[in-house]
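All remarks here apply to the structure that follows.
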Amino acid sequence: DSKVTTVDEKQEKKEAVTVHIGIQQSLGPLLIAKEKGWFEEEFEKVGAKVQWTVFQSGPPHFEALAADRLDFGVVGNSPVVAGQAAGISFKEIAVASDGLKGNAILVAKDSPIQKLEDLKGKKVAVAKGSSGFNLLYRAIDKAGLKPEDVKIIQLQPDEAQPAFESGAVDAWAIWEPFVSVQTLKKEARVLANGQSLNVYSPNFIITRTKFSEKHPELVVHFLKVYEKARLFEKENREEAITLYANVKKIDKDIVSRVLENNQSFNLPITQEIIKAQQDTANFQYELKAINKKIDTEKVVDNSYITKALQAEKK
Amino acid sequence: MSKVAVPSVNHDRHFPKKIAIRNLKVRTSILVATRGLILPLLLILVWQLTGTFAGISNTVLPTPIDIVKSFQALLLSGELWIHLKISVTRALSGFLLGASLGLLLGTLTGLSRTTEQVADPSLQMLRTVPHLALAPLFILWFGLGELSKVLLIALGAFFPLYVNTLLGIRGVDKKLFEVTRILEFSRLKQVTKLILPASLPNILLGVRLSLGSAWLGLVVSELMGASEGIGYLIMDARQFTRTDVVFVGIIIFALGGKLADSFVRILESKLLKWRDSYQGKSID
Amino acid sequence: MSKVAVPSVNHDRHFPKKIAIRNLKVRTSILVATRGLILPLLLILVWQLTGTFAGISNTVLPTPIDIVKSFQALLLSGELWIHLKISVTRALSGFLLGASLGLLLGTLTGLSRTTEQVADPSLQMLRTVPHLALAPLFILWFGLGELSKVLLIALGAFFPLYVNTLLGIRGVDKKLFEVTRILEFSRLKQVTKLILPASLPNILLGVRLSLGSAWLGLVVSELMGASEGIGYLIMDARQFTRTDVVFVGIIIFALGGKLADSFVRILESKLLKWRDSYQGKSID
Amino acid sequence: MSVFIQSLHKTFVKSQQRTQVLENINLHVKQGEFVTVIGPSGCGKSTLLKLIAGLDREYEGEIAIHNEQVTGPSIKQGFIFQEHRLFPWLTVEKNIAADLSLKDAKVRRRVDELIEIVRLKGFERAYPKELSGGMSQRVAIARALLRDPEVLLLDEPFGALDAFTRTHLQDVLLDIWKQKQTTMILVTHDLDESIYLANRVVIMSARPGQVSNMISIDLPYPRKKASAAFQEFRKKVLNEFEKTEELQFIEGSGI
Amino acid sequence: MSVFIQSLHKTFVKSQQRTQVLENINLHVKQGEFVTVIGPSGCGKSTLLKLIAGLDREYEGEIAIHNEQVTGPSIKQGFIFQEHRLFPWLTVEKNIAADLSLKDAKVRRRVDELIEIVRLKGFERAYPKELSGGMSQRVAIARALLRDPEVLLLDEPFGALDAFTRTHLQDVLLDIWKQKQTTMILVTHDLDESIYLANRVVIMSARPGQVSNMISIDLPYPRKKASAAFQEFRKKVLNEFEKTEELQFIEGSGI
Ligand SMILES: Nc1ncnc2c1ncn2[C@@H]1O[C@H](COP(=O)(O)OP(=O)(O)OP(=O)(O)O)[C@@H](O)[C@H]1O
Ligand SMILES: Nc1ncnc2c1ncn2[C@@H]1O[C@H](COP(=O)(O)OP(=O)(O)OP(=O)(O)O)[C@@H](O)[C@H]1O
Ligand SMILES: [Mg+2]
Ligand SMILES: [Mg+2]
């Protein structure tokens, strides 16, 4: 009897996989799960280890994915388009937020800019290839302007911030938590956001294709744990806010505003979102940001999330 | 010749010179330290005053007092130590690896023109490849763990020492080299007894620059999937516009760099006491 | 003493030596260049072969042929030239600014211990402050235009030359310094006729390192609101995982750096021909 | 200009160790006097010259030139160092000109003249590394002579020269001395040289360096080394010098 | 070991210019012979020694030591350079030991002995910058002697020494020569020295350097400089040397 156990143990050890999860420096269920150690706990039950990797933004996720060093992550809409265009094999397995309120074009509180048309001839800061970038171009389009009519300045958020606050730029296309920080602390105005422009800037949970083919059950498992964290955030709002505020050392009012603007999902990817992604991809192709046409539906795989949610219901 | 009017000089040679000299040394080093503090203190003063009166937003440029407060908070929570420890470990391992390779390759290329002609052009090309661009390759080859971080730091630390060692060796006096040939020094003795001591001033300079590079390399290396470290602390704080924390990081970088530098300079003054070179005009 | 058996040596002194020497020179420099190419060519070969046969994804590590194609495309579209021109302008302006300040301050601190004691500690602290952390401050102080970019590059270019100049001056032989005192050189002549020539080897090394720093500084500086430049090209390509373009950028960085370096080394060999120093063992 | 040295003491301090090198040196050199200094190797001759030149100001006692305390080097005090101390990055002619410009016609002419005098014609554009020991020494001599110093301090200036070049340059020096009334203090190991040139020979003894004796040489110039009077002085100086030496004088060694 | 030099030519090439320094030198030095070389400054004496030592291999002609062509320096050929060439980062005793370890008792004893011989007791731990010119030269002599070379090449080894120290070291050298049968080639500017030491004096002339004459000195050792026979040889050598000089010999200058 005991002999059999040893063999089993040995086999288990051989198969012991390490799951590499990428996390960005943003607020969300992933951070809760990380702080609480839920992934470690749950994956240990199926004999897997967890390795966290912190990324500063979306694109490095794809560098790590391509190098087979990463299995899961939550990233924005633009990086997935770029990643797909670059031919990296990954799958979008769930949508984590719609980003309707989480992305906005900000102007200073006493800025003369009142409507989108006023952006003409003004300097706007944006990080190229970000969700804010997408939003800005759509806004320009909607206002009947051409990209050349606006002076677009490429800035990463932390560099855009002093530029925006010191008036070196007139507007800033940006996402959370910067939107909340600026509106709460600096009384910046939201000139437009995803909602007003009807532009989705969804976040996706992604997985590396090779990994998901080899360990489909772990993918489902991942989504289950993610769901647990999401529910925690939703149901224990105060506790979640306190946790975020402590970990990231930011004010609670900002955290709470961020959570308001950025509701967390863990849902199948709808046709609407796929369509929105296709628009983004086409638009980026037009801009020559990506160098080939892609079909955004091809990277969508809702099978895992469906299984996970079903299992949760039971 | 008439008697000249010369101011009298102390003739009392029984004066206890030893004590006087020691006192003088202590006094001089205090004076030196004070002089070094003039500029930083002035800067801090102006900074605090503009912060208080010019009303620049805290998120853009926190005042020194704000920074000290954050510093204190980070220190008291024990967090800073964790970051510092891991960063120092990374920087030191990277430095040791890069610097020893730099010294080795610098010596090899310095000793042999042929090795230089083969290896140096490639190394010089590698020298100006930006770390930020190499990060993805490092992730590919060495993963997201400590290895790629340490290697990236080592890469930065390699070059200053390599270049300085090579140049130092090529600056060795040919006359002394002839002496070692006459005395038939073994190759090893030639290196240890002539070439290294003679190029020591340059090597130590290389060490200083390499230490700086290693320290700075932390920032880029800790962009690659780190969740601890001073570089991470800064980049994380930037994400959440905690400018005060960014400054704490900057100050730690400045102090850490200065500390390492001072250490090498003390070493320098011990190891190079045989030199008979210009020491600069002094007024103390 | 008996006649010895010594191999006969060419005694014909009418042999046209001049032509022989010129030919030899040309042949030597070809040989030297070839040796420098061995390693890069080998690397490219292995790279292409692993790419073709090991089947590493193109997005991770494009093969040399892929890269050459992208290079060609960028070149033909004229895009590369625009990026290159603007980057070279930035790097050069930054270098000129930083290097001349480095030379100046290095000379001043080198000449006077008091100046050194006042300024050097602060400068050494500044040396190890990461550019990435300073970028927001530069935007705040100097705006988003070329100025902050050039200044950031200048900051990087400043230190190697500063440190090397300071050390070079402190390495000047005191004996020669005494000669200038005896001959009552003016302070200016002392600098131009003794201190600069004597520390020239170190200064030129500093120039090489500074050029490298300026070139590398491009990357961080072009993260600050640039929409052109090789640094921008790389970081933009990274955003879109265009690894082949990243590599084109890397190669341009490598070649540009090497070119600048070679230029200084040629200068070196011209300016330092008075030196009587060890040249390394040669087998050609 | 006169040189006045009174109860001069010099001590080198190294970590906690102190070495006394010069003890109670008293020496008054009149304007236009030619003094030569001889003494055993390491007795402090070079140190003394450096102190007179103002290159080292850490001493006890008094040093005055032209009745003024020496506060630092001056162009009026020429110095030929024991080592040649040429600037390795300058050619021979530029080394001689040093801070002066060769484009200045007067400097140019004088430099060419001096190159002729020290017999280095043809080597104007050679770098120090291409010179022999004696040639370097002659460049250093030319460099000092160019400046027409009023006091000339010479530290074994002809040590690396063959007998003929040495005699030639000794005569050159005497010519200059007579013409310009330069005050000369010359350190040498060559007894003949010291007597051939000097109004007064200063003999130093070692550890610590002291002036053990001074011998005035009242022979008319030009002197003949073979003359009996010269040989008389030679014996006298040798005798005095012998006393300073720890070594036994070897009978018949005929120094 | 014997030294054999046959139709040796040496030319320095600098950019497009060629300077011939040595022309057709023929010199055969027997095992255990003591040869001194005199010649005007810059005639190529140091260059010749460097060629013999194998430090410079760009020449035409033949140089052989012990019937073997010289291919490079060897510990068997000692060399005392005209400049002292001490390692500035090593103390006196370590400079003498150089690559040998002072922890080796034999080395230690021998070094101490030599320090005594060159009279540097008390300066064992001094750095070169703390030495006088003559003291540095003596360190260089001790360094060469420590290795018991079979051929010793000396380039003005006593140039910076006072008369007594010089005589002392000349005698030390003669002692060693007699004991060890070392083959000696010594360059000097001191005629007395050249005759006091040598079996044979080689006289060189300048531009380009050639052997103008060789004079065998068949006087028994120890020689007396004051003796008539010595003075006879002195005159002879001076006479020959004079011919090589472009300068007029000054009557009665008594070199
Ligand atoms: N920088 C120094 N530190 C310590 N001691 C020194 C220093 N310079 C010289 N000395 C010592 O001072 C003494 C005198 O040296 P100096 O060079 O004056 O001798 P000198 O008479 O010129 O000898 P020589 O004839 O050999 O040139 C020596 O014993 C030497 O060791
Ligand atoms: N590296 C070199 N390049 C060119 N010429 C040189 C070089 N070395 C020496 N010479 C020339 O060779 C000649 C002989 O030099 P060498 O040093 O042998 O003279 P020397 O006889 O030892 O003179 P001294 O008695 O002054 O030491 C000189 O004219 C010198 O200019
Ligand atoms: Mg001396
Ligand atoms: Mg010579």
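Labels below follow one simple rule: chain letters A, B, ... track the order of the sequence lines, proteins then strands, and each chain is numbered from 1.
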*Top of B:Leu126, B:Asn202, B:Leu259, B:Leu204 for chain C proximity - count of heavy-atom pairs under 4.5 angstrom*: B:Asn202

*Among C:Ser213, C:Gly257, C:Ala254, C:Ala133, which residue forms the greatest number of heavy-atom pairs with chain B at distances under 4.5 Å?*
C:Ala254

*Heavy-atom distances under 4.5 Å only: say whether B:Ile139 touches chain C with side chain, backbone, both or neither.*
neither

*asked:* Out of B:Ile234, B:Val246, B:Leu209, B:Ile38, return the one with the most heavy atom pairs under 4.5 angstrom to chain C.
replied: B:Leu209

_Flag side-chain contact, heavy atom, 4.5 Å: B:Lys258 against C:Pro121_ = yes

*Does anything in residues 215-222 of chain B get under 4.5 Å of chain C by heavy atoms, and if so which residues?*
B:Trp215, B:Leu216, B:Val219, B:Val220

*Let me know if C:Leu137 has heavy atoms under 4.5 Å from chain B in its side chain, its backbone, both or neither.*
side chain

*Give, as side chain, backbone, both or neither, the part of B:Glu268 having an atom under 4.5 angstrom from any heavy atom of chain C.*
side chain

_Heavy-atom cut-off 4.5 Å, strictly under: side chain, backbone, both or neither for B:Leu223 against chain C?_
side chain

_I'd like to check the side-chain hydrogen bond (donor to acceptor under 3.5 Å, both in side chains) partners of B:Asp244; sequence neighbours left out, ordered by chain and number._
B:Ser70, B:Arg242

_Interface residue of largest heavy-atom contact number with chain C, from B:Glu116, B:Lys175, B:Arg208, under 4.5 Å_ = B:Arg208

*asked:* Under a 4.5 Å cutoff for heavy-atom pairs, which residue among B:Asn164, B:Thr115, B:Leu255 has the most contacts with chain C?
replied: B:Asn164

*Is it the side chain or the backbone of B:Leu205 that comes within 4.5 Å of chain C heavy atoms, both, or neither?*
side chain

*Can you say whether B:Ile169 sits under 4.5 Å from chain C via the side chain, the backbone, both, or neither, judging by heavy atoms?*
both

*Measure distances from C:Phe247 to the heavy atoms of chain B and classify the residue's part below 4.5 Å as side chain, backbone, both or neither.*
side chain

*With no hydrogens and no angle check, is any side-chain donor or acceptor of B:Thr128 less than 3.5 Å from a backbone partner on C:Gly212?*
no

*asked:* As an exercise, state the distance from CZ of B:Arg265 to CG of C:Asp120, rounded to the nearest 0.5 Å.
replied: 5.0 Å

*Checking heavy atoms, do the side chain of B:Arg127, its backbone, both or neither come under 4.5 Å from chain C?*
both

_chain B interface, residue from C:Arg170, C:His131, C:Met125 that has the most non-hydrogen pairs under 4.5 Å_ = C:Arg170

*Largest heavy-atom contact set with chain B, pairs under 4.5 Å, which of C:Leu167, C:Leu43, C:Asp173, C:Leu211*: C:Leu167

*asked:* For the backbone of B:Leu132 and the side chain of C:Arg238, can you confirm whether one donor and one acceptor N or O come within less than 3.5 Å of each other?
replied: yes

*CD of C:Gln117 to CG of B:Leu37: how many Å apart, nearest 0.5 Å?*
12.0 Å

*asked:* For B:Leu39 versus C:Ser122, what's the shortest heavy-atom pair and its separation?
replied: CB-OG, 3.4 Å

*Please determine, among C:Pro160, C:Pro201, C:Gly171, the option with the most heavy-atom pairs under 4.5 Å with chain B.*
C:Gly171

